**Student:** 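What follows is a single structure, and I will ask about it in a moment.
Indexing begins at 1, ligand by ligand and atom by atom, following the structure's order. Source: prediction; values computed, not measured.
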Amino acid sequence: MTSLRLLLVLVLLQFAGLLAWQDYKDYKVFELKPQDANQLELLRRLAREQPHWDILGTRRSYNESGLRVLVAPNQVNSLLKQLKTHHIEHQLLWNDMSLLLRQQRAENELSKSRSALPFIDVLGGFYTHAEINEYLKSLPQRYPQRALLKQFGRSYEGRALKLLTINNGDGRPNKPVILIDATMHAREWIAPSFALYIIQQLLDHNVEHADLLQDYDWVIMPVVNADGYEFTHTDSRYWRKTRKPTWDPENIGTDLNRNFGYEWGHDEGSSADPAEEIYRGEHAFDQPESQVVRDVLLHYSDRLDFYLSLHSYGNYLLLPWGHTSAFPSNYFDMMEVADAGAMAIVQATNGIYSYGSGYHLMYPTSGDSTDYAVGVANATVAITMELPAGGFLGFDPWVSHIEGIVTESWVGVRAMALEVIRRYQTRS
Ligand code: 0X9
Ligand code: ZN
């Protein structure tokens, strides 16, 4: 029966694939091993100049090994030439990405078919935006005193952007707020899974987590970039940006995390070129999805103690600022919060997170959401959490990895929230 089902899923996927799915046939994955800061910088430059080479995350390390680059078959020769010219060590890791993606899709579909909407098994699959919304819609009925579903707007393609507020049902209004969003970047699939896991923890284990809900309301938005995220399920697994066309007919999409209106538009940390993955848009907030996050942040700005934006990957807790090497005035308070999270994780699982300013630790960003949260929306603490890498390119954990990642991450978020509560709860 199981193998018959698997076969059916594979046939259906094959059929769907004919319609839209980019199958990444013969796309190769190379591991690049920069030996020093100069070589790393060179790779970052190449990654920007060669949008066809998806050098995924020119961050400092990938599990302490190299950087991985996904290249189309017709780009392989030019990549190899550059690597040779600059003496950059490298190794072919995978010859045909389509095989892996097909296996991952089959694993996900089979695993998801075991639960029926509106119930979902967060640990048993990656869900689409439509499925997540259906699940979210069911929560206020199931938890009438404690869960409230809100909508601040729609995506460019018209998808409803939902957020859930969770409280302990004591009826006390306007408590200070812990606000979490996820999936600003479409391909970072572990982020919405983790947001859903947090929702389930707070709703189903409310007695165990009474300390988190006593004096605080939680506001959680699992999918910000709904169009991009849906596109990664239906068309192209490694899409990052939104799906709104740009002025350039050749290139669709804007990086939402470069589109926020605080210190927007610097060439250090964002790009004016729609071909690039960090394209910032023509104006700050010219994307409906960043407008929604802006409006949510501003709505809660008089009581926003903690804003957490979930991304992947890299095991980082990144603090503002992204746009300058300087630090916000309460930087060291934020560091204590990050420290609490990192310490809790290392104790629980030996997982290692680095924490500090995003500018210094990862790379500069102009127009990111945490800079806006602190610079304009009055957030006391704002952190970008880069969840652990998974799967082959970091963005693509297997279903079987979800549980390990989200349970570990929850230890960290719980500890950070408790530290925020300990430090700032007098506001309530
Ligand atoms: O580039 C981003 O938007 C974030 N990284 S990701 O790999 N998820 O795309 C990092 C943003 C955090 N801020 C800084 N690094 N300054
Ligand atoms: Zn991201």
**Student:** Give the atoms of ligand 1, by number and element, whose distance to some non-hydrogen atom of G322 is under 4.0 Å.
**Tutor:**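 Result: 16 (N).
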**Student:** List the atom of E208, the atom of R414, and the distance in Å for their closest heavy-atom pair.
**Tutor:** O-NH1, 4.4 Å
**Student:** Do the side-chain N and O atoms of N251 and Y279 include a donor-acceptor pair separated by under 3.5 angstrom?
**Tutor:** no
**Student:** Taking 4.0 angstrom as the limit and counting only heavy atoms of H311, give me the atoms of ligand 1 inside it, by number and element.
**Tutor:**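 By the 4.0 Å cutoff, the relevant atoms are 8 (N).
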**Student:** By the definition side chain to side chain contact (heavy atoms under 4.5 Å, CB included), identify the one residue from D217, V296, D305 that meets it with V177.
**Tutor:**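 Result: among D217, V296, D305, D217 is the only option passing the side chain to side chain contact (heavy atoms under 4.5 Å, CB included) with V177.
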**Student:** Salt bridge or not between R423 and D333? Use side-chain N to carboxylate O under 4.0 Å.
**Tutor:** yes
**Student:** Only heavy atoms of E188, strictly under 4.0 Å: list the atoms of ligand 1 that pass.
**Tutor:** 6 (S), 8 (N), 9 (O)
**Student:** Using a 4.0 Å cut-off to any heavy atom of Y359, which atoms of ligand 1 qualify?
**Tutor:**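 Here the atoms of ligand 1 in question are 16 (N).
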**Student:** For atom 12 (C) of ligand 1, state which one of I278, L319, L318 supplies the nearest heavy atom.
**Tutor:**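 The residue whose heavy atom sits nearest atom 12 (C) of ligand 1 is L318.
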**Student:** Within less than 4.0 angstrom of ligand 1, does G314 place any heavy atom?
**Tutor:** no
**Student:** If we set the cut-off at 4.0 Å for heavy atoms, which region of H185 has an atom near ligand 1: side chain, backbone, both, or neither?
**Tutor:** side chain
**Student:** So does E41 pair up with R45, basic N to acidic O under 4.0 Å?
**Tutor:** no
**Student:** Just checking F152 against H299, ring centres under 6.0 Å apart?
**Tutor:** yes
**Student:** Give a yes/no verdict on whether any heavy atom in R258 is under 4.0 Å from an atom of ligand 1.
**Tutor:** yes
**Student:** For R280, which of D286, D267, D273, D368 qualifies under salt bridge (charged side-chain N to carboxylate O under 4.0 Å, His left out)?
**Tutor:** D267
**Student:** Heavy-atom pairs closer than 4.0 Å: do any link ligand 1 to the side chain of S312, the backbone, both, or neither?
**Tutor:** backbone
**Student:** Are the ring centres of F119 and Y135 closer than 6.0 Å?
**Tutor:**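 No: the rings miss the under 6.0 Å criterion.
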**Student:** Could you pull out the atom name of the N/O/S atom in H311 that is nearest the Zn ion (ligand 2)?
**Tutor:**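 Relative to the Zn ion (ligand 2), the closest nitrogen, oxygen or sulfur of H311 carries the name ND1.
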**Student:** Check whether the ring centres of H283 and W264 lie less than 6.0 Å apart, and answer yes or no.
**Tutor:**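 H283 vs W264: aromatic centres not under 6.0 Å.
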**Student:** Between L361, T365, L256, flag the one that comes closest to atom 16 (N) of ligand 1 by a heavy atom.
**Tutor:**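 Minimum heavy-atom distance to atom 16 (N) of ligand 1 goes to T365.
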**Student:** Give the numbers and elements of all ligand 1 atoms closer than 4.0 Å to a heavy atom of N257.
**Tutor:** 2 (C), 3 (O), 11 (C)
**Student:** Would you say the Zn ion (ligand 2) has E188 as a near neighbour, meaning an N/O/S atom of that residue under 2.8 Å away?
**Tutor:** yes
**Student:** Examine ligand 1 and decide if any of its atoms is less than 4.0 Å from a heavy atom belonging to R240.
**Tutor:**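 Contact check R240 vs ligand 1: positive.
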**Student:** Polar-atom distance check: T384 versus ligand 1, any N or O pair below 3.5 Å?
**Tutor:** no
**Student:** Provide the atom name of the closest N, O or S atom of H185 relative to the Zn ion (ligand 2).
**Tutor:** ND1
**Student:** Please determine whether salt bridge (Lys or Arg N to Asp or Glu O under 4.0 Å) holds for the pair K112 and E131, giving the CA-CA distance in whole Å, both sets of side-chain angles, and the decisive distance to 0.1 Å.
**Tutor:** CA-CA 11 Å; K112 271 173 28 173; E131 290 167 336; 2.9 Å; yes
